[in-house]
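Let me begin by presenting the structure, written as structure tokens, before commenting on it.
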Amino acid sequence: MSDSKVYRRIARMDEEFPGLLAALKPALKGLIPDDINFTEDSYDELFVILAAALYYVKDAKLRKASANKSGGNPKLVAVLMDEGEKDKDAILAAKVLERLAPYVPPKVFINTLATMHASTETHFREYHGAISRITADLYRIVTGFKPGEHCPQALVQWASGPSRELLYAELFSGA
């Protein structure tokens, strides 16, 4: 078993973790491979989707630019905002991001970002603007610059911590 699988399994052993995700389960349907049990193999997808949704919650301009033709936002974003920007579900999503961050391998995360951004499925197209923002902020962070104003704190801590060198290598390996 690889190191990343071991670490993700350790995260899953936290009894509180599945309960935190239960509140978001209906809005995550179809966005991650295992949207029922949230196994450790889905942590990277979950990290991308929750970070993207938090960008939309925090940035009204991005949210408006990414809205569908009828002005609607993705279901997860609607859930995170149904009580406004300080919604308890948005705070919960930020808490889940913090919990997931140490267990998301940089290489897998970069691949997941690329795959989700390349997807033409409607439920992923809705997140393309935020996924582009995540990518831009990752480049900023790993090169020593300040991330954008609406970058989730868990993403900043993850990308500027022990994962920074690995992220740098992944982002600039093809350059």
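The basis for the numbers below is simple: all heavy atoms, side chains too, and nothing from hydrogens, waters or symmetry mates.
- The minimum heavy-atom distance between A52 and Y127, with the atom names listed, is CB-CD2, 3.8 Å.
- How far CD of E126 is from CG of L76: 10.5 Å, rounded to the nearest 0.5 Å.
- Both M81 and L92 sit in one connected hydrophobic cluster of ILVMFWY residues. Membership requires side-chain heavy atoms under 4.5 Å apart, directly or through other members.
- With rounding to the nearest 0.5 angstrom, the CG atom of L54 is 11.5 Å from the CD1 atom of I49.
- The cluster map of Ile, Leu, Val, Met, Phe, Trp and Tyr, joined by side-chain heavy atoms under 4.5 Å apart, puts L100 and L166 in different clusters.
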Inset, instruction - Decide yes or no on side chain to side chain contact (heavy atoms under 4.5 Å, CB included) for L50 and L24, but give the supporting numbers first. - result: CA-CA 10 Å; L50 290 177; L24 304 173; 4.0 Å; yes
Inset, instruction - Give the intermediate values and the outcome of side chain to side chain contact (heavy atoms under 4.5 Å, CB included) for residues L155 and L138. - result: CA-CA 8 Å; L155 184 63; L138 283 178; 4.2 Å; yes
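- Note that CD1 of I141 is 4.5 Å distant from SG of C151, once rounded to the nearest 0.5 Å.
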Inset, instruction - Might you work through the side chain to side chain contact (heavy atoms under 4.5 Å, CB included) test for Y56 and L80, ending with a clear yes or no? - result: CA-CA 9 Å; Y56 287 135; L80 298 182; over 6 Å; no
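- Counting only heavy atoms from C-beta outward, the side chains of K29 and K75 never approach each other to under 4.5 Å.
- Between the R63 side chain and the N73 main chain, no donor and acceptor come within less than 3.5 Å of each other.
- Each ring-ring contact (aromatic ring centres under 6.0 Å, His included) pair with one or both residues in residues 136-155, not counting sequence neighbours, appears once here: Y139-F172.
- Contact of the W158 side chain with the P106 side chain is registered, since non-hydrogen atoms from C-beta on lie closer than 4.5 Å.
- In this structure, the side chain of H123 engages the main chain of G30 through a donor-acceptor pair within 3.5 Å.
- To the nearest 0.5 angstrom, R125 atom CZ is 12.5 Å from S66 atom OG.
- Rounding to the nearest 0.5 Å places CG of L171 at 9.5 Å from OG1 of T143.
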Which donor-acceptor pairs under 3.5 Å do the side chains of residues 107-118 make with protein atoms, sequence neighbours left out?
| unit_1 | atom_1 | unit_2 | atom_2 | d |
| --- | --- | --- | --- | --- |
| N111 | ND2 | K107 | O | 3.3 |
| T112 | OG1 | D44 | OD2 | 2.4 |
| T112 | OG1 | V108 | O | 2.9 |
| T115 | OG1 | N111 | O | 2.8 |
| H117 | NE2 | S132 | OG | 3.0 |

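- Hydrophobic clustering (side-chain heavy atoms under 4.5 Å, transitive across Ile, Leu, Val, Met, Phe, Trp, Tyr) keeps V156 apart from V96.
- Between the CD atom of E98 and the CD atom of Q153 there is a distance of 8.0 Å, given to the nearest 0.5 Å.
- A159 approaches L167 most closely through the heavy-atom pair CA-CD1, 3.6 Å.
- Sorted by first and then second residue, the salt bridge (charged side-chain N to carboxylate O under 4.0 Å, His left out) pairs with a member in residues 129-139 read D59-R133, D137-R140; sequence neighbours excluded.
- Scanning all heavy atoms of the two residues, the minimum distance from F47 to A154 falls at CZ-O, 4.4 Å.
- The shortest non-hydrogen separation linking V79 to A27 is CG2-CB, 3.9 Å.
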